[in-house]
Amino acid sequence: MITTDFVPGSPCWLDLGAPDVPAAAAFYGAVLGWEYESMGEGPGEGEEMEGGMFRKDGKVVAGLGKLTEAGARSAWMIYYCVTDADATTRAVQNGGGRVRVPPRDLDEWGRMAQYSDPMGGEFAVWQPGTNKGVDLVDQPGSLSWTELYTSDAAAAKEFYGTILGWRFTDMPAPGGGGTYSLITPAGLPEERMHGGLMELRKEDLALTNGRPYWHPVFAVADCDAAVAKVTENGGSVQMGPEDAEGVGRLAVCVDPSNADFVVLTPSES
């Protein structure tokens, strides 16, 4: 399970790059019960600044910013905790990955960098300063799991195992049809696993024209009710809602700007 006791290799932050910040804030507010807190006013009088924070019950759960990269699709970016972003960047380059955003300081909060893995999956790292990351996880309306759909599971495990120290445990994919690899940070027991990866054919990665991608899984109290909110507010559903044995009831959703995410009502343990 994801916890807020952050350790190297565990997810610690996520943010959404959206073409329309107010529209994205309204959508996720309706679907997940989030409150959006703008970072202030922009250059024009009364103009919304291009980003801010999402809160659930007063606790920070994610960030939101204006999509500025030319040709990029709207997507969630997941950040993993590291002790040295510069050393991680060198390891990414040595491992065949690409540096999309070189390491840089965000005031005293911490140091970040963004990458693509050798297959094209985009991810990021966060070296904490005064800010460790999100305040709430594994509760309704917050991050509960991270997931990679990749075109080459063996290569992905080799890359991320080297870069982030992850350990992998293979199991049959829920519902059959392949292998699902569970991810656990180095040195932690399997009950602290935080995500999974699965190999898909490139033609099954239609959302990104065949390129691997990460997406977040958000816990919700009622999966069907959350899906209804998705469609009522201009989003769509790629799969589900359906029950996954031992996991819970889930649905793969896409927001109005084509950013994908999963909503999950976990099974009662």
Side-chain angles (χ1 to χ4, degrees), residues 1-2 7-12 14 73 75-82 88-89 91-100 113-125 143-218 238-240 242 244-248 250-254 259-264 266:
M1 62 181 292
I2 293 176
V7 298
S10 66
C12 59
L14 70 164
R73 78 176 183 100
W76 283 97
M77 179 68 69
I78 300 171
Y79 293 71
Y80 295 96
C81 183
V82 296
T88 302
T89 297
V92 166
Q93 292 171 314
N94 291 338
R98 181 170 69 89
V99 179
R100 300 179 61 251
Q114 295 183 356
Y115 315 111
S116 294
D117 69 28
M119 286 65 67
E122 296 179 357
F123 69 107
V125 298
L143 183 69
S144 65
W145 194 250
T146 66
E147 195 165 62
L148 172 66
Y149 290 164
T150 183
S151 53
D152 190 333
K157 288 193 281 187
E158 174 68 23
F159 175 79
Y160 289 103
T162 300
I163 302 305
L164 295 173
W166 291 346
R167 294 182 296 108
F168 302 93
T169 304
D170 291 344
M171 60 172 281
T179 299
Y180 193 86
S181 298
L182 301 166
I183 303 170
T184 306
L188 292 184
E190 284 192 2
E191 57 263 29
R192 291 288 298 278
M193 63 183 65
H194 66 257
L197 67 83
M198 186 174 181
E199 182 171 309
L200 297 177
R201 301 174 304 169
K202 288 194 174 183
E203 53 264 39
D204 294 327
L205 298 168
L207 196 65
T208 53
N209 296 316
R211 195 187 72 223
Y213 59 95
W214 285 95
H215 59 214
V217 178
F218 297 117
Q238 286 193 310
M239 183 192 78
E242 63 182 41
E245 185 177 356
V247 178
L250 59 85
V252 181
C253 304
V254 178
D260 61 297
F261 62 99
V262 175
V263 290
L264 167 68

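- Residues Gln114 and Met77 form a side-chain contact, since some pair of their non-hydrogen atoms from C-beta on lies under 4.5 Å apart.
- Closest approach of Pro185 and Pro8 over heavy atoms only: CB-O, 3.8 Å.
- Nearest approach of Leu197 to Ala156, heavy atoms of both residues: CD2-CB, 4.3 Å.
- Closest non-hydrogen pair, Val7 versus Cys81, comes out as O-CB, 3.5 Å.
- Put simply, the side chain of Glu147 reaches to within 4.5 Å of the side chain of Tyr180, judged on heavy atoms.
- Looking only at atom types and distance, the side chain of Ser181 has a donor-acceptor partner in the side chain of Asp170 under 3.5 Å away.
- Residues Thr150 and Leu200 are not in side-chain contact: their nearest non-hydrogen atoms beyond the backbone lie 4.5 Å or more apart.
- Between the side chains of Ser151 and Glu199, not a single donor N or O lies within less than 3.5 Å of an accepting N or O.
- If you check the side chains of Asp117 and Tyr160, you find a donor sitting under 3.5 Å from an acceptor.
- Shown here for Phe159 and Val92, the closest heavy-atom pair between the two residues is CE1-O, 4.0 Å.
- Pro118 approaches Gly97 most closely through the heavy-atom pair CG-N, 4.0 Å.
- Within the 6.0 Å centre-distance limit, the rings of His194 and Trp166 are counted as a close aromatic pair.
- In this structure, the side chains of Arg211 and Glu122 come closer than 4.5 Å at one or more pairs of heavy atoms.
- Expressed to the nearest 0.5 Å, how far OG1 of Thr169 lies from CE of Met193 amounts to 6.0 Å.
- Applying ring-ring contact (aromatic ring centres under 6.0 Å, His included) to Trp214 and the options Tyr79, Tyr80, Tyr149 leaves one that passes, Tyr80.
- Within the 4.5 Å cutoff, the side chain of Thr146 has no heavy atoms near those of the Val217 side chain.
- Side-chain contact between Leu182 and Met171: present, with at least one pair of heavy atoms (C-beta onward) separated by less than 4.5 Å.
- Taking the ring-ring contact (aromatic ring centres under 6.0 Å, His included) definition, one finds that Phe168 meets it with nothing, sequence neighbours left out.
- Taking the side chain to side chain contact (heavy atoms under 4.5 Å, CB included) definition, one finds that Pro266 meets it with Leu264, sequence neighbours left out.
- The closest side-chain donor-acceptor pair between Thr88 and Tyr115, if any, does not fall under 3.5 angstrom.
- With rounding to the nearest 0.5 Å, the separation of CD1 in Ile183 from OG in Ser10 is 12.0 Å.
- With contacts defined as side-chain heavy-atom distances shorter than 4.5 Å, the pair Val262/Trp145 does not qualify.
- Checked against the 6.0 Å centroid criterion, the rings of Tyr213 and Trp76 do not qualify as a close aromatic pair.
- Checked against side chain to side chain contact (heavy atoms under 4.5 Å, CB included), Ala75 has the following partners two or more places apart in sequence or in another chain: Arg73.
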